Amino acid sequence: MKTVTLPDGEKIPALGQGTWMMGERAAKRTGEIAALRAGVELGMTLIDTAEMYGDGAAETLIGEALGAVREQIFLISKAYPQNASRARLVRACEGTLERLGTDRLDLYLLHWRGSVPLGETVQAMEALKAAGKIRHWGVSNFDTGDMKELIAAGGTGCATNQILYNLGRRGPELDLLAWLDDHAMPAMAYSPVEQGRLVTDPTLTEIAKTIGATPAQVALAWVLHRAGMIAIPKAGTLAHVQENRAAGDLVLSSDDLSTLDAAFARPQVRRPLEML
Ligand code: NAP
């Protein structure tokens with residue numbers, strides 16, 4: 001499994017598993033647990049969740065699915081912005097740890113920026129780290145200006161920024177990804193197959209056909225071809241998990257990359273970071 005390096009030198013898998021919408025429907029539960037377990041067995045040991053997902057239901061599902069292999073997992077969760085104050089972040093984190101059935105998170109993210117001053121959130125994250133409740137902290141949906149403000153507010157300990165990034169969402173290439181590179185912070189691409197919408201794209205379908213892959217695999221391989229990029233596709237079925245894992249080993253040719261570059265041109269003008 002390809003790895004990505006955090007600012008403190010720790011290496012983590014470049015390809016993980018998302019969990020948004022998991023644990024919300026009883027009929028899908030067994031399949032989702034099997035998919036997550038299979039993904040971990042295949043090396044996708046980086047797991048992303050959030051207190052928001054199903055109001056804690058995704059965290060509870062992960063606890064059930066992966067409790068027995070907790071030590072193999074790089075476990076990430078995210079706090080609501082309204083919980084990002086010093087007092088509330090401790091409680092939010094405790095709730096998350098309880099649902100996940102663990103005593104620590106490997107990475108805790110602020111889900112998006114809210115009204116709590118960034119300096120207070122930085123202190124709250126650092127306090128959780130000092131208490132051993134989290135090993136790393138980071139942010140999500142932060143644009144370049146937000147990252148600069150975070151650093152100015154004392155947030156030099158930030159490990160990563162989880163952002164919307166895929167073939168159809170290339171805005172971060174204009175300046176955010178370069179800023180993160182300059183600060184040795186990997187980016188974490190969420191919705192790397194655009195919530196499934198990219199799998200019917202004609203260009204991806206054509207390339208996939210010629211190289212014996214699937215459109216989803218081409219979309220994932222494109223995200224992962226960038227150094228310092230982590231992708232966290234969500235897959236609720238065994239077949240999708242297996243497909244996604246294989247995408248981690250798929251290397252696109254320079255011809256295919258050029259074709260994709262032409263079909264999914266990066267924006268010419270800077271626009272605010274998109275989010276889902
Ligand atoms: P995504 O991973 O781009 O797409 C998930 C959808 O694609 C599901 O419907 C899944 O179907 C389908 N899919 C997965 N693999 C496939 C394959 N090989 N072939 C065909 N279809 C496939 O979208 P996402 O769930 O929005 O994003 C991924 C993760 O990022 C989330 O789960 C969450 O952990 C995180 N996220 C974070 C934020 C944030 O604000 N920080 C926002 C959005 C998402 P099945 O489920 O049927 O397999």
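Remember, it's a predicted structure, so these values are computed and weren't measured experimentally. Each residue takes its place number in the sequence, starting with 1. Each ligand, and each atom within it, is numbered from 1 in the order the structure gives.
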inquiry  = I want to check something: taking the side chain as every heavy atom from C-beta on, are I163 and M188 in contact at a cut-off of under 4.5 Å?
reply    = no
Numbered in order shown, the ligand 1 atoms found under 4.0 Å of a heavy atom of E243 are 17 (C), 18 (N), 19 (N)
- prompt: Is any side-chain heavy atom of L220 closer than 4.5 Å to a side-chain heavy atom of P233?
  reply: yes
Taking D143 for its side chain and L273 for its backbone only, find out whether a donor-acceptor pair lies under 3.5 Å. yes
| query | Does the T19 side chain pair with the main chain of M22, one donor and one acceptor, at a distance under 3.5 Å? | reply | no
- Message: With a cutoff of 4.0 Å, is W112 in contact with ligand 1, counting heavy atoms of the residue only?
- Response: no
(request) Compare all side-chain heavy atoms of Y53 with those of D48 and state whether any distance is below 4.5 angstrom. (result) yes
heavy-atom search around atom 5 (C) of ligand 1 in the protein gives K234 O, 3.4 Å
A student checking ligand 1 against G236 at a 4.0 Å heavy-atom cut-off should list atoms 45 (P), 46 (O), 48 (O)
| task | Evaluate the ring planes of H183 and W179, with Trp represented by its six-membered ring, and classify them as parallel (under 30°), tilted (30 to 60°) or perpendicular (over 60°). | result | parallel
Note: N141, heavy atoms under 4.0 Å from ligand 1, region reported as side chain
**Prompt:** Are the side chain of H240 and the backbone N or O of G236 linked by a donor-acceptor pair below 3.5 Å?
**Reply:** no
If we number the atoms of ligand 1 from 1 as shown, the ones under 4.0 Å from a heavy atom of I232 are 28 (C), 29 (C), 30 (O), 35 (C)
The single option from L224, L257, T259 that satisfies side chain to side chain contact (heavy atoms under 4.5 Å, CB included) with L252 is L257
* Asked: Are any non-hydrogen side-chain atoms of E243 and Q217 less than 4.5 angstrom apart?
  -> yes
Atom 36 (N) of ligand 1: closest protein heavy atom, distance to 0.1 Å, is Y53 OH, 3.3 Å
The atoms of ligand 1 lying under 4.0 Å from a heavy atom of H111, numbered in the order shown, are 39 (C), 40 (O), 41 (N)
Counting from 1 in the order shown, the ligand 1 atoms closer than 4.0 Å to a non-hydrogen atom of Q195 are 1 (P), 3 (O), 4 (O), 5 (C), 6 (C), 7 (O), 23 (O), 26 (O)
Test log, rule side-chain contact (heavy atoms from CB on, under 4.5 Å), inputs E126 and K129: CA-CA 5 Å; E126 292 291 352; K129 203 170 151 180; 4.0 Å; yes
Short version for A216: what comes under 4.0 Å of ligand 1, heavy atoms counted, is side chain
TODO: State whether the shortest distance between N or O atoms of W20 and N or O atoms of ligand 1 falls below 3.5 angstrom.
DONE: yes
Within the 4.0 Å heavy-atom cut-off, what A50 brings close to ligand 1 is neither
Within 4.0 Å of some non-hydrogen atom of G196, the atoms of ligand 1 are 4 (O), 6 (C), 7 (O)
So for N244 against ligand 1, with non-hydrogen atoms under 4.0 Å, the contacting part is side chain
* Please confirm whether M275 comes under 4.0 Å of ligand 1, counting heavy atoms of the residue only. => no
Of H240, R245, Q162, Q17, the residue with the heavy atom nearest atom 22 (C) of ligand 1 is H240
Sub-3.5 Å N/O-N/O distance, L276 and ligand 1: no
Problem set entry | K78 heavy atom under 4.0 Å from ligand 1 | yes
Does the T121 side chain pair with the main chain of A84, one donor and one acceptor, at a distance under 3.5 Å? yes
Within 4.0 Å of some non-hydrogen atom of P233, the atoms of ligand 1 are 2 (O)
### Message
Donor-acceptor check, side chain of D106 to backbone of L75, threshold 3.5 angstrom: yes or no?
### Response
yes
If we number the atoms of ligand 1 from 1 as shown, the ones under 4.0 Å from a heavy atom of D48 are 33 (C), 34 (O), 35 (C)
Self-check item: Carboxylate-amine/guanidinium contact E194 R169, below 4.0 Å
Solution: yes
The protein heavy atom nearest to atom 24 (P) of ligand 1 is S191 OG, 3.6 Å
heavy-atom search around atom 39 (C) of ligand 1 in the protein gives Y190 CE2, 3.2 Å
